[in-house]
Amino acid sequence: MEYVTLGKTGLKVSRVGLGGIPIQRIDAQAAKKLLDAVEAAGINYIDSARGYSVSEELIGGAIEGRRDRFVLATKTMSRDREAMARDIETSLKNFRTDYIDLYQVHNPSLKQLEQICAPGGALEALLEAREAGKIGHIGLTAHAPEVFERALELDWVETVMFPYNIVETQAAELMERARERNVGFINMKPLAGGAIEDAKLAIRFAAANPNVDVVLPGMYAPEEVEENVAAAADSSPLTVEELERVEAMRRELGTSFCRRCGYCAPCTVGIDIPNQFVFHGYLSRYGLADWARGRYGALSAHASDCVECGACEERCPYQLPIRKMLKTVAADFGM
């Protein structure tokens, strides 16, 4: 495992980290086995969030007794001082620790970033917690390039987490600027939220960029840990065949695809929007039509139920034409 310094934090972190979203699928015993595999592979960077239901708690239980072997990061969407202070205390309790290495402001808009920095904003609680030794460093996560760019102008931002993958390279220039400013870059969604099926190629692509400090795939099984670590360790240049596959993926996926971030929720009529697109992908791209139709049919609400209120599009950080995309799903599934 290769280790790097995470920007101005000074933290020594593994090039591959554990993304804590998928751990919600498993129980405490499986989480313990996952963290055993993570530690054995040399991964020391673990990321979670207040919004990932039981993720913090499962990780906390799995690392109890070996907390000092990991760099622990989490994040919250709280924007004011009181809510941020409460979330920090909750995270400490969930992780069963008295300090968290990196606490991040989770996906703010530019307007929310102003609120965070204003008197009574979340930044006050973060700075107080850092002074008290409850957190070590402060970072920010984003999905919008304009927020990434603004974050680089804020002295308190020590790290930025942003999507970077085969089909999302819009932040390449900002990543270079982050390197110049000694702001650590954490690579979320290296598999584009699951849209990229070839995990090995996706991880190799991300790890090949020297401006990426940590590649952060979500993992919930020990075999995923082994595969992702092996992919990142392969530092050989991408082959002609691999580059051709990269270009094929870009042509197929383009930019209008769902990353499954979930920020579109809740739907006015209860449609699970990300899963509509997941099953449509299996129907249209992967030759699993029968399976896709069965899973889609079992959903409680379908794309055809959309009332076109547009609330989801207002929340989508990628400005996807969700209503139009749902019409395509409804037409192809016939419901």
Side-chain angles (χ1 to χ4, degrees), residues 1-24 26-50 52 54-76 84-85 87-106 125-141 158-159 161 182-188 212-222 224-226 228-229 232-233:
M1 176 62 67
E2 179 186 359
Y3 297 87
V4 299
T5 300
L6 186 59
K8 64 179 73 173
T9 70
L11 296 168
K12 299 295 184 182
V13 297
S14 50
R15 283 301 308 284
V16 178
L18 171 67
I21 293 180
I23 201 172
Q24 299 170 90
I26 59 180
D27 60 19
Q29 184 177 2
K32 173 65 165 55
K33 292 180 180 178
L34 175 67
L35 268 295
D36 288 346
V38 163
E39 183 180 2
I43 293 174
N44 73 346
Y45 186 88
I46 301 175
D47 176 82
S48 186
R50 290 293 312 112
Y52 298 167
V54 296
S55 175
E56 288 183 339
E57 295 171 84
L58 288 173
I59 291 169
I63 66 172
E64 190 170 23
R66 49 177 167 172
R67 162 69 184 92
D68 59 341
R69 303 175 197 174
F70 299 100
V71 173
L72 199 56
T74 195
K75 46 196 177 292
T76 177
M84 176 61 77
D87 276 354
I88 291 171
E89 293 299 327
T90 300
S91 294
L92 289 167
K93 180 180 178 181
N94 287 343
F95 284 132
R96 308 184 190 186
T97 185
D98 58 2
Y99 74 100
I100 294 168
D101 297 283
L102 177 66
Y103 215 94
Q104 301 155 105
V105 175
H106 194 173
L126 287 166
L127 294 174
E128 289 169 1
R130 187 172 67 180
E131 181 67 23
K134 295 180 179 180
I135 64 175
H137 304 278
I138 303 171
L140 179 145
T141 80
E158 299 176 78
T159 64
M161 181 191 292
N182 200 26
V183 173
F185 182 79
I186 302 160
N187 177 195
M188 74 159 101
V212 170
D213 291 312
V214 183
V215 181
L216 199 61
M219 296 180 276
Y220 69 97
E224 291 180 320
V225 175
E226 297 174 6
N228 290 332
V229 169

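All residue numbers refer to positions in the sequence shown, counting from 1. These figures come from a predicted structure and were not determined experimentally.
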**Asked** Taking all non-hydrogen atoms of both residues, which atom of D101 and which atom of V71 are closest, and how far apart?
**Response** OD2-CA, 3.4 Å
**Asked** Looking only at atom types and distance, does a side-chain atom of R67 sit under 3.5 Å from a main-chain N or O of Y99, one as donor and one as acceptor?
**Response** yes
**Message:** Please enumerate all residues that pass side chain to side chain contact (heavy atoms under 4.5 Å, CB included) together with A30, with sequence neighbours excluded.
**Reply:** I26, D27
**Complete:** side-chain hydrogen bond (donor to acceptor under 3.5 Å, both in side chains) filter on E57, not counting sequence neighbours, yields none
**Asked** Is there a donor-acceptor contact under 3.5 Å from the side chain of T9 to the main chain of L11?
**Response** yes
**Asked** Which heavy-atom pair separates P217 from G17 by the least distance, and what is that distance?
**Response** CD-O, 3.6 Å
**Fill in**
A129 meets the side chain to side chain contact (heavy atoms under 4.5 Å, CB included) criterion, sequence neighbours left out, with I88, K134, I135
**Item:** Nearest-0.5 Å distance, OG of residue S55 to CG of residue L18
**Value:** 8.0 Å
**Message:** Checking the side chain of R15 only, and the main-chain atoms of I43 only, is there a donor and an acceptor separated by less than 3.5 Å?
**Reply:** no
**Item:** Partners meeting side chain to side chain contact (heavy atoms under 4.5 Å, CB included) with A233 (sequence neighbours left out)
**Value:** none
**Request:** Give, for atom OH of Y52 and atom CD1 of I59, the distance between the pair rounded to the nearest 0.5 Å.
**Result:** 10.0 Å
**Message:** As an exercise, state the distance from NE2 of H137 to CD1 of I100, rounded to the nearest 0.5 Å.
**Reply:** 13.0 Å
**Asked** Taking all non-hydrogen atoms of both residues, which atom of P222 and which atom of K33 are closest, and how far apart?
**Response** CG-O, 4.2 Å
**Request:** I would like to know whether V214 and N187 meet side chain to side chain contact (heavy atoms under 4.5 Å, CB included); could you show each step before the answer?
**Result:** CA-CA 6 Å; V214 183; N187 177 195; over 6 Å; no
**Criterion side chain to side chain contact (heavy atoms under 4.5 Å, CB included) on V229 and M1, from CA distance to verdict** = CA-CA 8 Å; V229 169; M1 176 62 67; 3.9 Å; yes
**Message:** Looking at every non-hydrogen atom in both residues, tell me the closest pair between G61 and R96 and how far apart they are.
**Reply:** CA-CZ, 3.7 Å
**Message:** Tell me if a side-chain donor or acceptor on N44 pairs with a main-chain N or O of S14 at a distance below 3.5 Å.
**Reply:** yes
**Message:** Tell me every residue that passes side-chain hydrogen bond (donor to acceptor under 3.5 Å, both in side chains) with K8, counting only those two or more places apart in sequence or in another chain.
**Reply:** none
**Prompt:** Backbone N or O of A49 within a donor-acceptor pair of the T74 side chain at under 3.5 Å?
**Reply:** yes
**Message:** Testing the basics here: between Q104 and A73, what is the closest heavy-atom pair and its distance to 0.1 Å?
**Reply:** NE2-CB, 3.9 Å
**Request:** Could you tell me which non-hydrogen atom of L6 sits nearest to which non-hydrogen atom of G184, and how far apart they are?
**Result:** CD1-CA, 3.9 Å
**Request:** Please identify each residue that fulfils side-chain hydrogen bond (donor to acceptor under 3.5 Å, both in side chains) with E226, with sequence neighbours left out.
**Result:** none
**Message:** Quick check: do K12 and V4 have side-chain heavy atoms less than 4.5 Å from each other?
**Reply:** no
**Message:** Distance to the ring centre below 6.0 angstrom and angle to the axis at most 45 degrees; does that hold for R130 and Y103?
**Reply:** no
**Request:** Please assess V13 against I186 for the test side chain to side chain contact (heavy atoms under 4.5 Å, CB included), listing each intermediate value before the final yes or no.
**Result:** CA-CA 11 Å; V13 297; I186 302 160; over 6 Å; no
**Message:** One pair to check against side chain to side chain contact (heavy atoms under 4.5 Å, CB included): T76 and V105. What are the steps and the verdict?
**Reply:** CA-CA 6 Å; T76 177; V105 175; over 6 Å; no
**Message:** How long is the straight-line distance from OG of S48 back to CD1 of I23, given to the nearest 0.5 Å?
**Reply:** 7.5 Å
**Under 3.5 Å donor-acceptor, D213 side chain and F185 backbone** = yes
**Prompt:** Is the closest side-chain heavy-atom distance between Y45 and L216 below 4.5 Å?
**Reply:** yes
**Complete:** So the salt bridge (Lys or Arg N to Asp or Glu O under 4.0 Å) pairs with at least one residue in residues 40-50 (sequence neighbours excluded) are D47-K75, R50-E56, R50-D87
**Message:** Using the salt bridge (charged side-chain N to carboxylate O under 4.0 Å, His left out) criterion, which residues pair with K32? Sequence neighbours excluded.
**Reply:** D36
**Request:** Apply side chain to side chain contact (heavy atoms under 4.5 Å, CB included) to E39 and list each qualifying residue two or more places apart in sequence or on a separate chain.
**Result:** R66, R69, F70
**Item:** Test side-chain hydrogen bond (donor to acceptor under 3.5 Å, both in side chains) applied to T159 - qualifying residues, sequence neighbours left out
**Value:** none
**Item:** Approximate separation, where rounding is to 0.5 Å, of L140 CG and L126 CG
**Value:** 10.5 Å
